[in-house]
Amino acid sequence: MTLTAAGVGSLLAGCAEDEAGGIDLKNPPKGPISLGFSQVGAEGGWRQANTNSIKKAAERNRIDLNFKDAGGDPKKQIADVHSFIDARVNVIAFAPVVETGWGEVLRRARDAAIPVVLTDRLIDEKDTSLWVSSIGAEFASEGNLAAIYLENDYAGTTGTVNVVEILGATGATPTKLRAEGFAATAAKTRRLNIIDKATGDWTKDGGRAAMRKLLDRNKRIDAVFAQNDDMGLGAVIALEEAGKKPGTAPKIVTVDGTKAALQGLADGKLTYVIECSPEIGEPLMSVVVDLFHGGRVPKRIESDKAVFDPQTAADAMTGRTY
Ligand code: AHR
């Protein structure tokens, strides 16, 4: 028997239908697969989009999601993962606030035969058997791209380009790897001179405060590498307050690709945006379903990336949900 979407809908007793006659995903039936997911927090636009992607994909795949928000607190996050083991969920997934401190709880998950999937970020553990799969972006190559595009703008000119960097929260994988990628490309070509860095904790307010510090400490800033969009947009505010023309002098490169940043590009306030897709809910659920049925899963799944500039920003905004 072939089932149409409507046919499936009518078979799911007790499940409301939406206006278009499809299944109302606000009230889906619970499936047999349980997933404990621990999120970093709700620090900005990218994270919110990532949370939405995971929740929607769990609904679509009928996965019983036990979602916990760590609020940026590594200790709470580890306690949340312990609670998933106590609850005997089928699979545990988490986006680590920081890379360290995971050995004990993950050995406990392994002893309990609960597979673990890392999302978005990585952990600093030598024993790679502690997780079965990881899904996320190649953060170092995002840093490489930021430097390559920025540097290309100065082709045909002479002299060094003074760059300041606004870093994400200390101890998180993207903070470390985006900085390493950016520095590696800068060191190879020797045009970009990274003169100073300040932490912006991934937030708009943090980026604004960091930019103020960097302006106070440095006479000539030609370019800013902000490790995410929110901090870059905060830097725009601080630069405008200081009478500068962000996007032109200094140029600003950010990472993520939120609608707000693409709008910033279209308005000429940002120079480049390197995309880091937050939409990893579907690949995660597909791994969870395979694990539940005893299938093999890839150890690493990489998310998409792209680079946007003021010319391509408008097109990229079409249909973007975050
Ligand atoms: O780990 C991904 C990073 O975390 C995103 O770039 C940033 O916006 C988020 O807070």
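All ligand and atom numbering here is 1-based and tracks the order in the structure. All residue numbers refer to positions in the sequence shown, counting from 1.
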Cation-pi, Phe67 ring and Lys55 (6.0 angstrom, 45 degrees): yes
Over-ring placement of Lys251 relative to Tyr154, 6.0 Å and 45° cut-offs: yes
Trp202-ligand 1 polar pair, N/O distance under 3.5 Å: no
Sub-3.5 Å N/O-N/O distance, Trp46 and ligand 1: no
Heavy atom of Gln48, distance to ligand 1 below 4.0 Å: no
Gly44 to ligand 1, any heavy atom closer than 4.0 Å: no
Co-members of Trp202 in a cluster of I, L, V, M, F, W and Y side chains, linked at under 4.5 Å: Val164, Ile166, Ile195, Met211, Leu214, Leu215, Ile221, Val224, Met231, Leu233, Val236, Leu239, Ile252, Leu262, Leu265, Leu270, Val273, Phe308, Met317
Closest protein heavy atom (residue, atom, distance) for atom 5 (C) of ligand 1: Asp256 OD1, 3.4 Å
Nearest protein heavy atom with distance in Å, relative to atom 7 (C) of ligand 1: Asn228 ND2, 3.6 Å
Pick from Glu43, Gln227, Arg121: the one approaching atom 10 (O) of ligand 1 most closely through a non-hydrogen atom: Glu43
Atom indices of ligand 1, in the order listed, that fall short of 4.0 Å to a heavy atom of Pro174: 1 (O)
Proximal atoms of ligand 1 relative to Asp120 (non-hydrogen, under 4.0 Å): 1 (O), 2 (C)
Test item: Ser141 side-chain N/O and Glu138 main-chain N/O as donor-acceptor pair under 3.5 Å: yes
Short side-chain donor-acceptor distance under 3.5 Å, Asp127 and Ser129: yes
Contacts of Phe84 that satisfy ring-ring contact (aromatic ring centres under 6.0 Å, His included) - sequence neighbours left out: none
Centroid separation Trp102 to Phe94 less than 6.0 Å: yes
